[in-house]
Colleague: 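Got a structure here, written out as structure tokens. Questions coming.
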Amino acid sequence: MNDTPTIGKTLKALLYLAPALLIIGTFNIYPIIKSFLMSFYTDYDYFKDIVNERGLSNYSYIFQDPEFWLSMKNTMIFVIGVVPISIILSLGIAVLLNQKIKFRGFFRTVYFIPFVTSVVAVSIVWRWIFHTQYGLLNHFLGFFGVSPIKWLSDPQMAMPALIILAVWKGLGYNIIIFLAGLQNINQQYYLAAKIDGASSWQRFKNITVPLLSSTTFFISIISIINSFKVFDEVFALFGGQPGPANSAQTVVYYIFNKFYGEWDFGVASAAAYALFIVIFILTLVQLYVGKRKVNY
Amino acid sequence: MEVQMKDVTMQFNNITAVDRMNVTIEDGELVSMLGPSGCGKSTTLFMLAGLYKPTAGEIFFGDRLVNKIEPEHREIGMVFQNYALYPHLSVLKNIMFPLKMRKVSKGEAEELAREMAKLVQIDHLLDRKPGQLSGGQQQRVAIARALVKKPKILLLDEPLSNLDARLRLEMREEIRRIQQEVKITTIFVTHDQEEAMSISDKILLMKDGKFQQFCPPQEMYDHPENEFVASFLGSPPINLFPASLMDNLKDVSISGTNDVITLSSPLKEGMDPARQVTLGIRPEDFYIETDEKKQGILGKTIMVERIGRDNLLNVEVQNKTVRAIVSPDLRIERGDVVKLGILPERAHLFAVHTGENLLDSKLR
Amino acid sequence: MEVQMKDVTMQFNNITAVDRMNVTIEDGELVSMLGPSGCGKSTTLFMLAGLYKPTAGEIFFGDRLVNKIEPEHREIGMVFQNYALYPHLSVLKNIMFPLKMRKVSKGEAEELAREMAKLVQIDHLLDRKPGQLSGGQQQRVAIARALVKKPKILLLDEPLSNLDARLRLEMREEIRRIQQEVKITTIFVTHDQEEAMSISDKILLMKDGKFQQFCPPQEMYDHPENEFVASFLGSPPINLFPASLMDNLKDVSISGTNDVITLSSPLKEGMDPARQVTLGIRPEDFYIETDEKKQGILGKTIMVERIGRDNLLNVEVQNKTVRAIVSPDLRIERGDVVKLGILPERAHLFAVHTGENLLDSKLR
Amino acid sequence: KTNSSNSEKSDSKNGQTSGITTTIDKPVTIEFWHAMTGHLGETLQKMTDEFNNSQENITVKLVSQGNYGDLSKKVMASAKARTLPVMSQAYEDWMTQYIQNDLITDLTPYVQDEKYGWTDEEYNDIVKVFRDANTWDGKLYGVPFNKSTEILYYNTDMFKENNLEAPTTWEELRNAAQKLTNKDKKVVGLGLENSIGTSFPTWVRQAGGTFLDEGSNKIMFDSPEGKEALEFLNGMMVDGIARLAGEDEYMSNPFGRGDTGIYIGSSAGIPFVSQAAEGNINWSAAPLPKGKVGATSFQGTNITVFSSATDEEKLAAWEYLKFMTSKEQTVFWAKETGYIPVRTSALEDPTWKQYIEENPVYGVGQLQFESGFYDPRPVGAFDMKNVVSKEVQSVLLGQKKVDQGLADAAKGAQDALDKAK
Amino acid sequence: MILPFVWMISTSLKAPNEVMIMPPKWIPDIFHWDNYVTAWTMAPFARYTLNSLVVVIASTIGELITTILAAYAFSRINFYGRDIAFAVLLGTMMVPGEVLLIPNFVTLANLGWIDQYEALIIPWLASIFSIFLLRQFFLSIPKELSFAAKIDGCSDFRFLWSIMVPLAKPALITIALLKAIGSWNAFLWPLIVTSSENMRTLPVGLTSFSTDAGTMYELLMAASTMIILPMIILYIILQKYIIEGVARAGIKG
Ligand SMILES: Nc1ncnc2c1ncn2[C@@H]1O[C@H](COP(=O)(O)OP(=O)(O)OP(=O)(O)O)[C@@H](O)[C@H]1O
Ligand SMILES: Nc1ncnc2c1ncn2[C@@H]1O[C@H](COP(=O)(O)OP(=O)(O)OP(=O)(O)O)[C@@H](O)[C@H]1O
Ligand SMILES: [Mg+2]
Ligand SMILES: [Mg+2]
């Protein structure tokens with residue numbers, strides 16, 4: 001349609017946006033700009049806000065810091081490991097839960113519960129599940145003749161363990177959103193597809209997936225953003241350490257350490273912006289692809 | 001494929017949309033389904049398609065009970081009253097969809113779809129999404145999608161309602177042609193009686209979820225089972241007169257007048273007719289009786305309208321308007337008193353309460 | 001309210017849905033809009049409603065330019081081709097919605113809504129949601145919603161397409177009555193020509209986004225502006241013959257035959273007529289010429305069909321079928337050779353390329 | 001609140017009392033931010049109540065700020081927003097950063113004040129390692145509060161079974177670990193915390209080396225002694241007679257289950273060891289074994305006073321600090337919580353003596369005062385510790401050779417310190 | 001899926017020495033119901049509960065309002081710079097919250113809101129996540145409905161409230177649910193911006209059970225169970241509405 005922007009519409013939009021913008025501007029955008037500026041302060045007093053020198057050395061520092069690159073690498077592995085699995089699993093489960101199956105209220109609650117269960121309980125139980133000697137996972141793998149894996153104490157296995165935990169934890173969240181998205185699909189398309197001879201798998205593939213694309217789009221953007229920001233899971237799984245021999249160090253962990261541990265505010269900000277740029281570019285790509293792929 | 005409904009009933013909460021429907025449609029027949037808005041036509045189609053499970057009754061395709069068979073296995077083509085096109089697929093992909101589900105190869109499917117699109121004259125729109133089409137164009141996509149897989153049974157829910165007269169004619173010929181060619185058992189919901197009369201082998205008439213009559217069109221027109229059927233078909237509608245049956249069971253006197261009509265068809269046998277009846281005569285079954293001696297209904301002309309080559313008279317009889325279509329040869333002016341004669345065997349007689357047709361039709 | 005469109009154009013990407021439309025509809029008129037599927041009818045209504053902004057041109061309501069006025073301030077009632085009922089509101093609430101927006105008190109709104117629901121015969125469905133209604137019932141809700149607020153301008157996009165003949169007749173009478181009563185300027189899209197002819201003050205005919213003709217129905221039928229208009233109206237359609245105009249500019253000879261017809265209407269003035277023309281004659285404008293001396297078109301009868309009181313002849317002329325509706329008084333059988341005479345002043349002459357009507361009509 | 005006292009806090013080395021220009025003659029309420037939860041919090045509250053009751057004008061208000069991490073963040077945020085309280089708990093390395101940013105007050109003037117200060121005797125009575133830990137450039141910035149140290153827990157059942165005594169040297173430790181290891185029962189001799197990297201300085205010192213030269217901020221552990229320490233630990237790991245807590249997070253759990261015979265860990269963990277051990281094993285504790293020399297690090301926080309407080313508030317805070325470090329209070333605190341008393345005289349206190357007689361494990365920590373030192377606390381200590389911890393873990397987990405790991409650790413640590421300067 | 005949950009409940013009934021047994025003991029020897037009593041009395045949970053309720057209710061309602069308005073603008077009004085503005089908002093989600101903690105604390109301190117309800121509520125009254133989610137839903141509501149509403153004389157604002165909002169019910173309930181849970185469980189923020197017991201919320205109370213050397217798991221789990229129970233109940237009530245769906249019929253095609 002020929003709906004073009006006008007001054008009037010812009011003013012109206014501003015009116016609608018005002019409350020949200022006021023809050024977001026004050027508590028998100030303003031501090032972001034501040035810390036963006038801070039990433040260029042190379043010599044200054046954080047507490048008194050006195051800047052003596054500006055420059056790019058914070059950036060050159062992080063780019064030369066192998067720890068930063070390790071964190072980036074781990075974060076990338078995490079994102080690649082978590083996002084697709086989590087989306088596919090939760091979509092599948094959401095579709096099942098949307099069906100008229102028995103006890104579906106019960107199952108929906110089951111998938112929701114991890115989402116509210118205390119983080120401590122989650123981390124303890126997962127540490128048990130991953131336990132080399134007594135763990136459920138190794139016990140189970142034992143049936144297939146797999147010898148015990150040191151999930152949490154072997155630096156090689158730290159990332160896989162973290163990914164498993166994150167997938168599990170994010171499931172409930174994605175499922176709820178997918179369930180809401182499923183409600184948005186008009187039933188008539190399923191009727192038409194049945195008439196056209198589509199089996200339930202084909203209906204899923206040809207109707208559910210495309211018509212859910214705006215929700216999937218949303219979830220994938222949010223998942224990627226959140227996965228890039230992974231932090232709490234590391235904390236929970238490895239008891240406050242970034243994995244054995246820092247093998248599960250992520251970028252936010254790195255930022256966190258620089259900021260609260262070393263009081264290296266400039267470097268922390270620079271690292272945050274490096275992360276920001278990476279996510280932002282990825283998101284722009286997604287938005288672009290999404291515009292073309294997302295149907296209605 | 002023969003389609004048989006036995007006591008099929010559909011209940012939505014406390015609303016009975018379809019009530020104990022018993023009909024057998026023979027293989028390869030084209031049946032038009034008629035009835036007032038909300039009488040249960042779409043619901044019946046949905047049950048045949050398997051999209052609704054009947055709350056009672058049985059549906060057979062051939063001699064297979066299909067109640068439990070899922071729609072995707074029924075080999076049905078359907079045009080939904082609201083089209084239900086896939087909004088995310090292009091027109092071409094929409095039409096190809098049923099073929100894709102049948103695992104027809106892509107090339108072949110596309111060819112078939114393009115062919116079908118040409119038939120319904122939307123071949124210039126193939127790349128558009130449904131949202132970019134006009135109402136009539138969407139409807140034609142729906143028709144193409146239903147026909148392209150040459151189904152065993154075709155269910156069409158007012159498939160032509162948004163098309164102009166010319167296209168409508170062409171499309172229905174096209175549907176008829178394909179139906180004949182592949183001998184698809186077809187049920188066609190329409191509101192256009194002329195359409196129903198002209199293309200269907202039989203008409204199925206419903207009212208308030210209840211079956212009324214099921215027979216070839218002309219027979220339904222000439223021998224309606226009851227007053228409702230008689231008055232539903234025909235435009236302008238049939239004229240109904242309160243009347244009473246004389247003792248000889250042949251003469252009918254129209255209440256409030258001195259006019260008496262002698263029936264030329266016999267009453268149904270074994271009937272104990274009420275004396276109070278309803279006499280029904282279609283407008284085109286009148287003629288102007290000039291012979292004073294002959295029977296007829298006297299009335300004053302209140303309007304003369306030309307339709308086509310003929311004259312439509314509105315004649316006042318007992319404060320009610322009677323419509324008659326008569327030859328224009330006799331010049332009749334507004335205000336003239338005319339005597340309306342009735343063509344032999346064209347009078348209908350209905351019971352007052354049940355509406356049942358009281359005359360015996362030789363055709364049955 | 002007078003409605004005026006000046007050069008109104010609507011472009012979707014590279015598709016021109018409406019092309020430089022110039023029409024003035026007078027206050028209180030009921031205009032039917034006709035045209036083939038996809039010709040731009042709905043798009044025109046959407047622009048009048050303000051839902052689409054014309055890509056070019058101006059729209060006036062009275063003498064106010066409304067291009068920039070939002071739909072909610074245009075005081076319009078509209079029935080959408082696809083109903084667009086509010087799915088989460090009950091039927092009653094749907095109908096009350098426009099009144100609520102006008103801040104009519106709840107009690108009054110409900111009363112008006114109930115009244116309107118009664119008129120469109122859905123008063124027993126008031127508590128249902130749209131999803132629980134049949135197609136025709138939904139359509140009637142849409143009509144009630146459009147009418148209830150007694151708008152200044154009423155836009156109806158095939159409002160009766162899903163209703164049976166009887167109801168359709170009643171509804172259109174009802175719409176006409178309200179329209180007359182409140183003198184609402186109304187535009188009514190329909191595919192039913194008979195409907196358009198019978199209820200409208202004027203007909204607006206479109207094709208491919210282009211305006212064709214705008215005048216009272218009978219005039220359009222009798223004096224079509226061009227070949228398209230002539231062939232779009234009328235069923236069975238007008239017969240068209242390739243022909244050539246003789247030097248005297250009065251006689252037309254039908255190509256491939258020896259038949260010559262002498263025109264009784266003069267050619268338009270200042271025209272430089274091409275010698276090759278198209279002669280158009282409607283089926284009902286033929287009669288059987290028995291006088292050997294008189295002009296006529298000779299052909300062999302290949303089919304005789306009775307429609308209503310008349311006979312529809314299919315006559316083969318130059319390998320083409322000519323349809324003629326003639327009085328049944330002369331018994332004509334299949335195989336007979338007949339000479340078809342033409343009623344005076346009923347022949348139409350069109351330019352071959354432009355399709356323009358070449359005859360001067362005295363009515364203009 | 002003003003920053004009025006900033007100028008006065010410096011150059012007060014020798015007996016000047018210029019710092020205290022004020023007296024308290026009207027009510028003053030001061031906040032103390034802490035991270036003491038549960039029973040610790042209750043005990044602290046009791047002591048504070050007692051203090052408040054003893055004072056006419058001073059009221060100390062306790063504010064719990066979650067755990068240490070949360071507390072640290074909150075202090076940082078408040079420093080930025082200039083809404084700091086008067087006192088807070090702090091580790092030494094935090095204090096280094098606070099001093100760098102002029103956030104905390106030099107307490108020396110108060111110590112030396114004639115009216116309000118400590119006598120030399122009182123001052124020297126504070127355990128030396130704790131005094132030193134709170135002193136930068138000869139200035140005292142805090143007083144010790146909840147202090148703990150590493151001790152050696154051992155499973156007396158297993159020791160008896162194997163005829164072992166609590167090890168006192170590396171050699172004996174290694175031997176005992178060897179003997180206690182039992183592959184069939186999946187028992188590993190020695191259990192170490194995951195944070196072994198953080199206690200690496202202890203091992204370096206025990207080997208006779210130096211971890212860091214505080215004066216020049218030079219990393220010294222890339223030395224034969226450092227190598228010896230790491231090789232000692234790594235050797236036991238490679239032999240399978242030592243393990244890290246790993247997925248068990250704290251070693252107290254596997255030790256309590258009987259999965260290890262010895263466990264080297266913090267004395268603050270005593271209640272958790274006893275909880276885990278209850279019904280499973282019998283156990284006791286001993287000082288850490290010696291290498292070439294004895295060395296034990298002491299951890300735990302101090303109480304520090306922010307420089308943003310007014311003079312009156314500072315004085316009030318000082319009164320509170322004196323109270324909290326008094327013999328009676330430190331004994332009370334130690335008794336209730338298992339932390340170590342901060343005064344030498346407390347060790348002679350009859351109540352305390354009786355207490356450790358009844359609970360011998362609580363007496364182990366103080367035996368190590370002589371060999372005690374405090375965790376390295378230079379600017380950049382956090383980063384340095386991270387690097388060392390990571391590299392040491394890499395070695396112990398078999399990812400790096402000892403030499404390589406040690407060199408990398410030293411280099412990384414040095415970089416961290418240099419950068420932070 | 002629910003293993004941690006089960007462990008949580010079972011631990012909340014255990015004796016201290018049963019907690020850390022490996023492999024876990026699922027059914028305690030004796031059910032220590034008194035853990036709940038002990039836990040409840042270890043912190044002023046009644047006051048915390050009240051605060052939590054105030055914060056959750058106020059911030060959920062507030063967020064719904066700002067979200068609905070903003071999502072409407074982003075989905076239905078074509079204004080200058082819409083795409084850029086949206087991208088910028090999305091961008092702000094990409095900065096880790098840890099970085100924002102201190103600047104926001106300072107802002108609140110300057111506003112004098114530290115240790116007040118304002119600090120607990122106002123920064124959370126808008127969420128880009130929710131705006132994004134709702135925008136996606138709004139986008140899928142057929143434009144025919146807005147057409148019909150406009151014809152019926154409905155202003156944008158009324159259309160939003162009387163048509164869009166009811167139709168986006170599943171999304172709104174999802175947003176409200178996620179928000180309520182997030183706000184109910186929020187820990188670090190309430191801890192940092194409050195100082196007095198009177199202003200603290202439930203999760204802060206959980207810190208009473210752990211120290212730097214270990215945790216009293218049985219009490220922590222008892223308290224945790226008490227805290228999450230209301231959320232589970234809320235979910236069970238609301239999930240019906242998420243799933244119930246909204247009618248979509250009424251529009252052809
Ligand atoms: N959103 C759109 N994008 C592109 N083309 C469109 C769009 N909407 C309509 N069109 C095209 O514009 C033309 C006019 O459409 P319109 O809906 O006005 O037709 P109509 O006269 O109402 O037809 P019908 O009788 O079939 O409803 C059609 O060819 C249609 O395909
Ligand atoms: N989901 C439903 N819930 C309740 N009642 C329904 C539902 N669907 C249809 N009905 C009712 O059942 C009756 C039959 O509906 P149906 O759609 O079969 O009518 P129809 O004959 O197709 O009418 P139309 O010609 O108007 O499309 C109607 O009265 C309708 O209101
Ligand atoms: Mg229907
Ligand atoms: Mg249209």
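All values derive from a computational prediction rather than experimental measurement. Chain identifiers are assigned alphabetically (A, B, ...) following the order of the sequence lines, protein sequences preceding nucleic acid strands; residue numbering begins at 1 within each chain.
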Colleague: Is it the backbone or the side chain of D:L103 that comes under 4.5 Å from a heavy atom of chain A, or both, or neither?
Modeller: side chain
Colleague: Quick one, A:K48 and D:D102 - any side-chain contact, counting heavy atoms below 4.5 Å?
Modeller: yes
Colleague: In terms of heavy-atom proximity below 4.5 Å to chain D, should A:K258 be classed as side chain, backbone, both, or neither?
Modeller: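 For A:K258, side-chain heavy atoms alone lie under 4.5 Å from chain D.
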Colleague: Check the surroundings of atom OH in A:Y111: do more than 12 heavy atoms from other residues, nucleotides or ligands lie under 6.0 Å from it?
Modeller: no
Colleague: Please classify the contact between A:Q241 and chain D as side chain, backbone, both or neither, with a heavy-atom cut-off of under 4.5 Å.
Modeller: side chain
Colleague: Hey, does D:K419 have a side-chain heavy atom less than 4.5 Å from the side chain of A:D264?
Modeller: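 Heavy-atom side-chain distance check passes, below 4.5 Å.
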Colleague: How long is the span from the OG atom in A:S247 to the CD atom in D:Q399, to the nearest 0.5 Å?
Modeller: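 Answer rounded to 0.5 Å: 7.0 Å.
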Colleague: For atom NZ of A:K150, is the number of surrounding heavy atoms from other residues, nucleotides or ligands below 6.0 Å larger than 12?
Modeller: no
Colleague: Mark yes when over 12 heavy atoms from residues, nucleotides or ligands other than A:Y30 sit less than 6.0 Å from its OH; otherwise mark no.
Modeller: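 No, not enclosed.
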Colleague: First locate atom CH2 of A:W263, then atom CD of D:Q100, and finally report the distance between them rounded to the nearest 0.5 Å.
Modeller: 9.5 Å
Colleague: Please classify the contact of A:Q249 with chain D as side chain, backbone, both or neither, using a heavy-atom distance under 4.5 Å.
Modeller: neither
Colleague: Where on D:K186 is there a heavy atom nearer than 4.5 Å to chain A: the side chain, the backbone, both, or neither?
Modeller: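 Its backbone and side chain both get close to chain A.
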Colleague: Select, from D:S72, D:S394, D:A79, the one with the greatest count of heavy-atom pairs under 4.5 Å involving chain A.
Modeller: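 Counting heavy-atom pairs under 4.5 Å, the top option is D:A79.
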Colleague: Measuring only between side-chain heavy atoms, which start at C-beta, is D:L397 closer than 4.5 Å to A:D154?
Modeller: no
Colleague: D:V395, D:V392, D:D383: which one forms the most heavy-atom pairs within less than 4.5 Å of chain A?
Modeller: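 The answer is D:D383.
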Colleague: Which answer fits A:F238, side chain, backbone, both or neither, if we ask what part of it has an atom under 4.5 Å from a heavy atom of chain D?
Modeller: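 For A:F238, there is no contact with chain D at all, as no heavy atom is under 4.5 Å.
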Colleague: Examine whether an atom of D:D259 lies under 4.5 Å from a heavy atom of chain A, and if so say whether it belongs to the side chain, the backbone or both; otherwise answer neither.
Modeller: side chain
Colleague: Could you grab the distance from atom CD of D:Q97 to atom CD of A:E262, nearest 0.5 Å is fine?
Modeller: 8.5 Å
Colleague: Calculate, to the nearest 0.5 Å, the distance between atoms CG and OH belonging to D:D70 and A:Y260 respectively.
Modeller: 10.5 Å
Colleague: Just verifying a value: how many Å separate D:D415 CG and A:D65 CG, rounded to the nearest 0.5 Å?
Modeller: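 The distance works out to 9.5 Å.
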Colleague: So is D:K80 actually on top of A:F47's ring, under 6.0 Å and inside 45° of the axis?
Modeller: no
Colleague: Is A:T132 in contact with chain D via its backbone, its side chain, both, or neither, using a 4.5 Å heavy-atom distance?
Modeller: both
Colleague: Between A:N257 and chain D, which part of the residue has a heavy atom less than 4.5 Å away: side chain, backbone, both or neither?
Modeller: both
Colleague: Quick check on A:F63: does its CZ atom have over 12 non-hydrogen neighbours (other residues, nucleotides or ligands) under 6.0 Å away?
Modeller: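 Correct, the count exceeds 12.
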